[in-house]
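Keep in mind that this is a model prediction, so the values were computed, not measured.
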Amino acid sequence: MRYRELGKTGLRVSELGFGTIPILSGHVPVLPEYFSPDTETAVKIMRMAYDYGCNFYDTAIVEEYGDAETKLGEFVKTVDRSRLVISDKARFYSGGEIYREVLRSAENLGTKPDIYFVHQVDEDNADEVFGRYGALDALYDLKREGRIGFTGIASHYYNVLYRGATDPRVDVLQGSGNILERGMLERIKKEKTFRDKGLIINKVYAAGLLIGPFTVAELIGGILDYPFSSALLGIGTFEQAETAFAEEYPPVRFSFEEVIDRMRAGFDPIACDRCQKCVCPYGHEIHTGFRQFNYYMLGKEFWAIKKLNMDMHEAYRHCVSCREAVCMQDCHRHINIPGELGRIHRLLEAYGDYRLT
Ligand code: SF4
Ligand code: SF4
């Protein structure tokens with residue numbers, strides 16, 4: 001296992017980290033692909049990763065990741081705590097709420113979290129999170145009180161992560177990226193503002209969807225050139241832990257075109273790298289729609305369709321009468337955005353759970 005610096009925290013984390021969603025039990029409405037091992041089995045799986053050199057474990061509060069947080073707490077009891085780096089997170093945006101959650105997490109983990117993230121920060125809640133008495137202020141206070149090691153902002157949005165990178169209260173950022181959705185990682189790599197912060201990335205396997213068109217070695221090797229501190233892999237079985245951590249995968253250089261070509265063997269993907277530079281004046285999240293389309297085609301039917309249904313019908317209605325299509329001005333992949341939104345519209349119509357209003 002190779003290790004990388006976690007920004008300016010002084011911590012060193014394993015290049016590959018353990019994402020705990022797949023070890024939760026029950027029916028928590030997060031990404032699919034979890035395996036419900038009992039606590040004893042989950043602890044053994046985490047131990048296997050540890051024995052291969054993994055020292056970084058990421059979880060979230062019970063409402064978000066079910067019992068993964070308490071299972072991680074059980075694992076912590078079985079190893080040398082000083083060798084572990086633990087991150088936790090909660091989707092609360094006011095200072096008072098996240099303060100309470102940090103205390104609850106510390107109880108569930110049986111130890112102080114090394115990093116605590118405000119989870120799922122987006123454009124709608126960012127002002128509250130970063131504002132006075134917001135969640136970030138509270139995490140900063142908790143750090144000074146010694147209740148957490150470092151503060152973090154977790155988001156799927158480049159603009160939010162950039163805001164975190166410019167904020168001196170933030171130590172670590174968590175974003176998503178993989179060999180397909182590499183646009184945000186490319187932007188972070190070029191932007192020196194990010195260099196002092198630790199960077200954790202998730203969705204390396206895209207919740208397992210990219211395993212098939214690509215091997216684990218390609219998915220891991222294909223991201224190693226990006227400047228992250230640790231890349232989280234969702235692990236729920238001994239086999240997954242073995243595959244992820246037993247080998248040291250070498251870097252693999254895949255052009256984006258090669259990735260899209262490989263996917264074309266199964267379907268005609270939307271060739272969007274999710275750089276997030278397209279802005280629609282009507283506020284439609286084009287890149288999220290394109291991502292869900294590709295995920296649907298890769299096999300995640302219900303979950304992807306549900307997300308597409310949340311906005312894409314409205315987006316298409318606007319596209320039909322949109323004259324300027326300003327969204328396309330900054331698309332470096334030269335995607336016919338309204339045309340692709342039309343394709344999503346037709347998919348949703350064919351799916352039958354959709355009516356144009
Ligand atoms: S073409 Fe569609 S997505 Fe693009 S700016 Fe117009 S309404 Fe928004
Ligand atoms: S549609 Fe183009 S600009 Fe928008 S996220 Fe995808 S690649 Fe980037």
Side-chain angles (χ1 to χ4, degrees), residues 1-4 6 11-26 28 30-60 64-89 108-111 113-115 174 176-179 200-212 214-224 228-252:
M1 180 67 75
R2 294 173 290 243
Y3 298 84
R4 298 187 181 193
L6 186 67
L11 299 173
R12 277 175 73 74
V13 284
S14 47
E15 192 170 69
L16 302 175
F18 194 116
T20 57
I21 287 179
I23 58 154
L24 69 83
S25 300
V28 178
V30 289
L31 296 179
E33 289 290 313
Y34 51 88
F35 297 87
S36 301
D38 59 27
T39 300
E40 195 187 337
T41 308
V43 168
K44 284 183 182 161
I45 295 167
M46 288 186 265
R47 175 68 195 219
M48 178 185 256
Y50 177 84
D51 289 339
Y52 283 127
C54 174
N55 77 344
F56 181 55
Y57 293 74
D58 177 81
T59 193
E64 296 185 46
Y65 287 10
D67 61 0
E69 189 182 55
T70 50
K71 283 172 169 161
L72 179 55
E74 289 303 312
F75 165 65
V76 172
K77 288 180 195 161
T78 67
V79 291
D80 177 357
R81 170 67 181 95
S82 68
R83 292 183 59 193
L84 291 182
V85 177
I86 294 171
S87 68
D88 208 329
K89 48 193 167 331
N108 286 339
L109 290 168
T111 185
D114 295 298
I115 310 157
Q174 184 171 158
S176 49
N178 52 53
I179 60 172
I200 306 302
I201 63 168
N202 55 44
K203 309 282 185 290
V204 175
Y205 297 160
L209 293 171
L210 290 175
I211 299 175
F214 304 94
T215 64
V216 166
E218 288 171 334
L219 293 172
I220 294 173
I223 53 151
L224 291 177
F228 61 82
S229 309
S230 185
L232 292 168
L233 306 174
I235 304 292
T237 65
F238 291 108
E239 193 190 353
Q240 287 181 340
E242 176 93 28
T243 309
F245 300 113
E247 273 189 59
E248 241 180 48
Y249 294 109
V252 182

For Tyr57 and Phe75, take the angle between the two ring planes, folded into 0 to 90°, and tell me which bin it lands in: parallel under 30, tilted 30 to 60, perpendicular over 60.
tilted

Distance in Å, [X] [atom1] paired with [Y] [atom2], rounded so as to fall on 0.5 Å steps:
| X | Y | atom1 | atom2 | value |
| --- | --- | --- | --- | --- |
| Ile220 | Tyr249 | CD1 | OH | 5.5 Å |
| Leu24 | Glu69 | CG | CD | 12.0 Å |
| Phe56 | Leu11 | CZ | CG | 9.5 Å |
| Cys54 | Leu232 | SG | CG | 9.0 Å |
| Leu16 | Tyr3 | CG | OH | 10.0 Å |
| Gln174 | Asp58 | CD | CG | 4.5 Å |

Without swapping roles, check the side chain of [X] against the backbone of [Y] for a donor-acceptor pair under 3.5 Å.
| X | Y | answer |
| --- | --- | --- |
| Asn55 | Arg12 | yes |
| Thr59 | Ser87 | no |
| Gln240 | Gly236 | yes |
| Asn178 | Lys203 | yes |
| Arg2 | Glu248 | no |
| Ser230 | Ile200 | no |

Which pairs pass salt bridge (charged side-chain N to carboxylate O under 4.0 Å, His left out) with one or both residues in residues 39-48, sequence neighbours excluded?
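Of all non-adjacent pairs touching residues 39-48, those that pass salt bridge (charged side-chain N to carboxylate O under 4.0 Å, His left out) are Glu40-Lys44, Arg47-Asp51.
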
Going by an N to O cut-off under 4.0 Å, is there a salt bridge joining Glu74 and Lys71?
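Salt bridge flag = no for Lys71 with Glu74.
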
Where do [X] and [Y] come nearest, in terms of heavy atoms and distance?
| X | Y | value |
| --- | --- | --- |
| Gly234 | Tyr205 | O-CE1, 4.4 Å |
| Pro37 | Pro22 | CD-O, 4.0 Å |
| Ser14 | Met1 | CB-CG, 3.6 Å |
| Leu224 | Pro250 | CD1-C, 3.9 Å |
| Thr111 | Val76 | CG2-CG1, 4.1 Å |
| Ile86 | Asp114 | N-OD2, 2.7 Å |

So do [Y] and [X] actually touch side chain to side chain, heavy atoms under 4.5 Å?
| X | Y | value |
| --- | --- | --- |
| Thr41 | Phe238 | yes |
| Ile235 | Met48 | no |
| Phe18 | Tyr50 | no |
| Ile45 | Phe35 | no |
| Asp88 | Asn108 | no |

Determine whether more than 12 heavy atoms belonging to other residues, nucleotides or ligands lie under 6.0 Å from atom CD of Glu239.
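Atom CD in Glu239 is not packed in, count stays at 12 or less.
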
Crowded around Arg83 CZ? As in, over 12 foreign heavy atoms under 6.0 Å?
no

Tyr52 vs Glu247, test: side-chain contact (heavy atoms from CB on, under 4.5 Å). Steps then yes/no.
CA-CA 9 Å; Tyr52 283 127; Glu247 273 189 59; over 6 Å; no

